[in-house]
Amino acid sequence: TILRLIETDNHIKDTNTTGTLEYAFYPSVEHGEGTYYYVDMILGNNGKLTMTPATGLKISKAVDETMTGTTETFTFTITAPGVSGNYPFVHYAPNGTQISPVNSVVLFNNGVAHVTLNAGESIYIVDLPTGSYTVTENTTGKVYKIKSINGTEGMKQITLNVATQKIEEATFVNTLK
């Protein structure tokens with residue numbers, strides 16, 4: 001799931017004064033292939049829910065080989081000229097569990113922000129202004145080196161153009177030195 005999660009459950013309504021659907025539906029927004037989507041759900045009693053896609057970045061960290069006992073963290077710098085302020089984020093563990101507290105924010109100070117991930121983790125930063133964002137892995141530590149970014153080998157950073165209602169993705173893969 002991504003960002004705008006809604007409780008998932010169905011239940012029989014206590015009262016159904018309009019005689020519409022006998023169930024109330026609680027949908028969720030699922031992150032599938034691609035990054036651009038809308039979700040509509042008819043709720044019964046003449047209700048309708050429309051979800052608007054988020055605008056922002058997803059940064060993911062992977063390692064193709066692991067060294068036993070290594071618990072390195074990986075720090076990234078995000079550069080976006082003219083961007084300042086706090087922007088909401090959601091941080092996910094390798095198993096998909098959310099590990100960030102509710103209402104977490106990333107601070108952009110004069111166009112620069114920093115985030116830290118462990119192998120297998122991802123972070124979504126949302127409600128960003130549209131524009132150009134450069135993501136750089138600051139150091140690969142003592143054990144790892146960058147193998148690829150979004151499947152392209154030999155890159156040290158990536159520049160993404162964030163458009164309205166789109167999550168742009170940067171996946172950094174490291175390998176043993």
Side-chain angles (χ1 to χ4, degrees), residues 1-6 28-39 51-64 66 70-175 177:
T1 58
I2 176 175
L3 305 176
R4 303 181 198 288
L5 182 66
I6 300 172
S28 66
V29 178
E30 296 292 331
H31 178 70
E33 295 298 318
T35 56
Y36 192 32
Y37 49 86
Y38 285 97
V39 174
M51 300 299 293
T52 302
T55 299
L57 293 172
K58 174 187 178 188
I59 302 169
S60 299
K61 180 74 218 166
V63 293
D64 67 357
T66 58
T70 301
T71 57
E72 287 192 59
T73 58
F74 303 91
T75 303
F76 299 86
T77 297
I78 307 161
T79 307
V83 176
S84 287
N86 292 315
Y87 295 91
F89 77 86
V90 180
H91 187 178
Y92 289 101
N95 67 3
T97 303
Q98 182 176 331
I99 55 178
S100 56
V102 174
N103 299 321
S104 297
V105 294
V106 169
L107 171 64
F108 275 82
N109 188 6
N110 294 318
V112 178
H114 302 282
V115 297
T116 301
L117 298 173
N118 293 311
E121 294 179 348
S122 297
I123 187 170
Y124 291 83
I125 307 168
V126 296
D127 297 337
L128 292 169
T130 59
S132 181
Y133 292 78
T134 299
V135 182
T136 307
E137 186 172 342
N138 295 341
T139 179
T140 55
K142 298 175 185 171
V143 178
Y144 295 101
K145 63 182 179 181
I146 297 173
K147 177 181 180 182
S148 66
I149 304 172
N150 287 356
T152 303
E153 294 188 11
M155 297 176 67
K156 300 297 180 199
Q157 64 184 24
I158 189 167
T159 299
L160 302 167
N161 186 31
V162 172
T164 301
Q165 298 179 342
K166 185 154 175 77
I167 300 289
E168 291 293 336
E169 299 185 28
T171 300
F172 286 75
V173 177
N174 287 20
T175 191
K177 287 184 178 179

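What you see is a predicted model; the values in this text were computed from it and never measured. Scope of the values below: all heavy atoms of this structure, side chains included, with no hydrogens, waters or symmetry mates.
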**Request:** Starting from the C-alpha separation in whole Å, work towards a yes-or-no answer on side-chain contact (heavy atoms from CB on, under 4.5 Å) for K61 and N118.
**Result:** CA-CA 7 Å; K61 180 74 218 166; N118 293 311; over 6 Å; no
Under 4.5 Å between any side-chain heavy atoms of [X] and [Y], yes or no?
X    : Y    : result
L117 : F172 : no
Y144 : E72  : yes
I78  : V83  : no
S60  : E121 : no
T136 : T79  : no
N174 : K147 : no
K58  : S122 : yes
E169 : L160 : no

Could you pull out the closest heavy-atom pair between [X] and [Y], with the gap in Å?
X    : Y    : answer
A93  : I99  : CB-CG2, 3.7 Å
P101 : S104 : O-OG, 2.5 Å
N161 : S132 : OD1-N, 4.1 Å
T116 : H91  : O-CE1, 3.8 Å
Q157 : I149 : N-CD1, 3.5 Å
A170 : I158 : CB-CG2, 3.8 Å

How long is the straight-line distance from [atom2] of [Y] back to [atom1] of [X], given to the nearest 0.5 Å?
X    : Y    : atom1 : atom2 : answer
Y133 : I125 : OH    : CD1   : 9.0 Å
F76  : I123 : CZ    : CD1   : 10.0 Å
T55  : E168 : OG1   : CD    : 10.0 Å
I146 : E153 : CD1   : CD    : 12.0 Å
N86  : N109 : CG    : CG    : 10.0 Å
Y92  : T97  : OH    : OG1   : 10.0 Å

**Message:** Is it the case that the side chain of Y87 and the backbone of S84 share a donor-acceptor pair, with hydrogens and angles ignored and the cut-off at 3.5 Å?
**Reply:**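 Yes; judged by distance alone, with no hydrogens or angles, the pair exists.
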**Neighbour count >12 (heavy atoms, 6.0 Å) for atom CG, N95** =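 Yes, because the 6.0 Å sphere around CG of N95 holds more than 12 heavy atoms from other groups.
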**Request:** Could you walk me through whether V63 and F74 pass the side-chain contact (heavy atoms from CB on, under 4.5 Å) test, one step at a time?
**Result:** CA-CA 11 Å; V63 293; F74 303 91; 4.1 Å; yes
